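Report on one structure; see the data block that follows.
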Amino acid sequence: MTGADGNALDALDCGVALFDRDGRIVFWNAWLVRRSDVSAAVACGRDLVSLFGADVSPSLVEAVQLACRHGMASVLSNQLHRCVLPLHRPGDGEPLQQSAAVRPLGGTTPGCLLQINDVSAAVRRERHLRESQAALRLRNRAIEASSQGIIIVDAQAEGMPILYTNPAFTEITGFSAEEAAGRNCRFLHGDDGDQPGLAEIRAAIAERREGIGVIRNFRKNGSAFWNELMVAPVFDSRQQLTHYVGVQRDITLRRAAEEERDAALAETRAVNRRLQREQDFTNAVLRTVGALVAVVDRRGRIVSFNRACETVTGLQEAHVVGTRLGELIPEAEAAAAFRLDEQGEGPASSGLTTGLRTAAGAVRTIRWTFTTLRDREGVASHLICTGIDVTERDRAAALLRAEREILELVARAEPLPVVGERICLAIEEQLPGHRASLLLLGPQGDTLHHCAAPSLPSDYLRAIDGISIGAGVGSCGAAAFSGQPRFTSDTLSDPNWAAFAPLAEAAGLRACWSLPVLTPGDSVLGTFAVYSADPGLPDDAAVDVMQRAARIAAIAIARHQAAERIRHLALYDQLTGLANRSLLYDRLQSALAQARRYGNRVGMLFIDLDGFKPINDRHGHDAGDTVLATIGRRLKAALREGDTAARIGGDEFVLLAVNVGTAADVERIAAKVLMAIGEPVTWNGETLHIGASIGLALFPDDAPTGDSLLSIADTAMYAAKAAGKNCWSWRTGDTPCPNPGA
């Protein structure tokens, strides 16, 4: 082949390859190089199988062999064979659709020529045509087979006459295609041409857009049916409106079903509204009712927990739903009542009282009643547990009983510590986990002293006994000082507890709530305190209990103080504060009994003031009372421990000295008394002088009984007066002591 021939073949818009008689390539033009990515140098001298392997069509290999050896021509195409050669389109690499012609070479040169043409475009056009024809046939069949009525009208002709109707149209309306052809669709409306659906269809046609409406049409037999009509415009390539396609669907049954559904829905909505009102009412009742209402399933799991339950327990409904109500019941034997048994029955008892644990760990007392819910078949499904919180009622009843017991103790004049301890125990029963104490204001009104605290450590009680009151002294000291409650939420952080914090911490006392115990006139008698192991402030119920305890404590203390005052008035001289004759007699009998038992001596000093009557006559009874009160204080100061000083008459006093050894001991006491009485008394700027005559007697030396001992001492006193006054004497005839004032 000449160079010019090769150039001509390279310029062809098709593939050209030449083969020798053995089927080896001798020429491979540029078109094939571009589409096979195989250069001419690589291709020449090789056959197709060695060049492309299994990717070459066996039919092509066979056609080349037949042409080279037997001079037979062949034509191959991708329509009949698989890919002739593995060729691709340059640029995108897509496989090439090919047709191939194999012709033997004429003349003296054996071999053949292979021509490959790109038929991709023709194949695509042919495929598209086939697909379009198939789609058109499919659409036609679909239109014919459609259960929906299809109408095509001429949009360009006057009156828009019907050009086509499918069989479904005839089935729906009863009009054949021939009967409908050339007519306007209005003939289906009868006299009912004013419908909302028609207005929508007319608006769509006027605006050349799709539209849909529900229209009531009439069949050929005159019966009405509901038609859901959709219209769509059809435009040609120049966007000229040519036709309208209408698709109608008989929705009569659906419309009837919808009407039935709407009626049912309306009825359902009415029922739901009624049920909702009933449910809202029920929920409102459950929210506001004071009773606890919990609904549990067969296994006792909570499905409803009303607001009263939430309030009493401190647990939210959302947190307890699905848990067992019996888990909140502390009594294990009662927990089984809060579910249905194996026979689907609730508890046999119509009323059951149990505890109910709260989120804070407290236990409330609840009185329960039970109602079993059953379904339509009578099978028990749920248990309604209705409870009344009787905790406060029971506590109030217990508190009333305790108050009656305490008042009975007061009426029986039991010792104040006994009454105080019962008050503390009553409060501890009302406030479980807390400890109570009662402190009394001291005689001078500036200290507090322990009365009762049955649950507090003894070390703590000893440490606070006798503490001074003040604005910054703990809780009780501050309450007694101000006469107002003092609630300390945390003893470890309150500055007023700084001095007591280590003591409180050691005793496990983190909060202290103190109330002053007041008289009706608001005078402070003491303090009542409640201690808690946890920081915090008392709630209203705790404050009410404490106030009631403080009032009862006030009654008990006032009763005790009144009894003490009566006793004091009965046994003591009001002016001097010394014992009276009655108390002296009791003390004398007791002293003599002790002396007899242990072999001791008892001394008696009978004292009569010298110079008192002139003072009383000259200056009046006020001056006399001042002198007597002063002498009383001096005699108290002169007493030894265990001795008794008594006023038995106007200016007559008796001093009872126990456990004396000898007469000399009695005389030393007498000398001390004379010195004390002899000190001047100041009254209204004047100095008053007074003395005393003292008669002495000793048991058992002078007399064997109390009466005789007092008589002998009285006689001895007159002997002292006869001897010159302001001295002492033992008995008549004995030599009195020298007059210390002489």
Side-chain angles (χ1 to χ4, degrees), residues 413 415-416 443-444 558-595 601-613 615-616 620-660 666 669-670 672-674 676-677 679 681 683 690-699 702-718 720-721 728:
L416 189 56
Q444 305 304 318
R559 170 69 176 77
H560 173 76
Q561 291 181 345
E564 287 296 310
R565 283 195 297 272
I566 293 171
R567 180 175 176 274
H568 191 274
L569 290 174
L571 300 176
Y572 291 88
D573 176 62
Q574 190 172 1
L575 178 62
T576 63
L578 301 179
N580 61 14
R581 184 182 293 272
S582 177
L583 180 58
L584 173 65
Y585 185 79
D586 289 343
R587 297 276 179 87
L588 176 59
Q589 296 304 318
S590 177
L592 295 183
Q594 290 289 327
R601 286 184 169 85
V602 177
M604 180 172 287
L605 291 77
F606 197 107
I607 305 168
D608 186 82
L609 299 183
D610 297 330
F612 176 74
K613 189 174 184 302
I615 292 174
N616 209 35
H621 291 293
D622 288 344
D625 289 347
T626 299
V627 170
L628 291 175
T630 302
I631 296 304
R633 289 193 296 273
R634 292 176 181 177
L635 288 177
K636 286 181 183 178
L639 287 178
R640 301 175 308 155
E641 185 177 358
D643 293 348
T644 300
R647 180 187 176 201
I648 61 173
D651 60 348
E652 292 180 336
F653 299 86
V654 171
L655 188 62
L656 182 65
V658 298
N659 296 328
V660 294
V666 180
I669 296 172
K672 184 178 180 181
V673 169
L674 282 177
I677 294 175
E679 292 290 331
V681 178
W683 181 81
I690 200 163
S693 296
I694 304 176
L696 307 180
L698 189 65
F699 172 87
D702 296 325
T705 66
D707 291 339
S708 60
L709 189 67
L710 184 61
S711 177
I712 290 174
D714 183 32
T715 301
M717 179 271 294
Y718 282 106
K721 280 190 178 291
W728 71 77

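One is the number of the first residue; the rest follow in order along the sequence. Given the structure is predicted, the values throughout are model-derived calculations rather than measurements.
- Put simply, CG on L578 and CZ on R633 are 10.5 Å apart, with the number rounded to the nearest 0.5 Å.
- Remark: side-chain polar atoms of D714 are not paired, donor with acceptor, to backbone N or O of L710 under 3.5 angstrom.
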**Report entry** Verdict with supporting geometry, V666 and I669, side chain to side chain contact (heavy atoms under 4.5 Å, CB included)
**Finding:** CA-CA 5 Å; V666 180; I669 296 172; 5.5 Å; no
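- T705 contributes atom OG1, which lies 7.5 Å from atom CG of L709 (distance to the nearest 0.5 angstrom).
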Query raised in the report: Does the pair R647 and L575 meet the rule for a side chain to side chain contact (heavy atoms under 4.5 Å, CB included), with working shown?
Result: CA-CA 9 Å; R647 180 187 176 201; L575 178 62; 3.7 Å; yes
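- Interatomic distance, I607 CD1 to L696 CG, rounded to the nearest 0.5 Å: 9.5 Å.
- Here the side chain of D643 pairs a donor or acceptor atom with the backbone of V658 at under 3.5 angstrom.
- Taking 4.5 Å as the limit, every side-chain heavy atom of L605 sits out of range of all side-chain heavy atoms of F653.
- Closest heavy-atom contact between K721 and S693: CG-OG, 3.1 Å.
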Requested in this report: Might you work through the side chain to side chain contact (heavy atoms under 4.5 Å, CB included) test for D651 and N616, ending with a clear yes or no?
Outcome: CA-CA 11 Å; D651 60 348; N616 209 35; over 6 Å; no
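- With values rounded to the nearest 0.5 angstrom, L584 atom CG is found 9.5 Å from Q589 atom CD.
- The closest donor-acceptor contact from the side chain of S590 to the backbone of D586 lies at 3.5 Å or more, if one exists at all.
- Contact detail for F699 and A595: the closest heavy-atom pair is CE2-CB, 3.9 Å.
- Proximity of L635 to T576: side-chain heavy atoms (C-beta onward) are nowhere separated by under 4.5 Å.
- The line from OG1 of T644 to CG of L656 is 5.5 Å long, rounded to the nearest 0.5 Å.
- Not a single donor-acceptor pair under 3.5 Å links the side chain of R601 to the backbone N or O of V660.
- Nearest heavy atoms, I677 versus A692: CD1-CB, 3.8 Å.
- Looking at every heavy atom in both residues, S582 comes nearest to L571 through OG-CD2, 4.1 Å.
- No option in D610, L628, I631, T630 other than I631 meets the side chain to side chain contact (heavy atoms under 4.5 Å, CB included) test with I690.
- Side chains of V627 and W683 form no contact here, defined as non-hydrogen atoms less than 4.5 Å apart.
- The environment of OH in Y572 is crowded: more than 12 heavy-atom neighbours from other residues, nucleotides or ligands sit within 6.0 Å.
- Two residues are said to be in side-chain contact when any heavy atoms from C-beta on lie closer than 4.5 Å; V681 and R634 meet this criterion.
- For the atom pair CG of D625 and CD of Q574, the computed distance is 10.5 Å after rounding to the nearest 0.5 Å.
- F606 places none of its side-chain heavy atoms less than 4.5 Å from the side chain of I712.
- M604 is not listed as a side-chain neighbour of D702, based on a closest heavy-atom distance of 4.5 Å or more.
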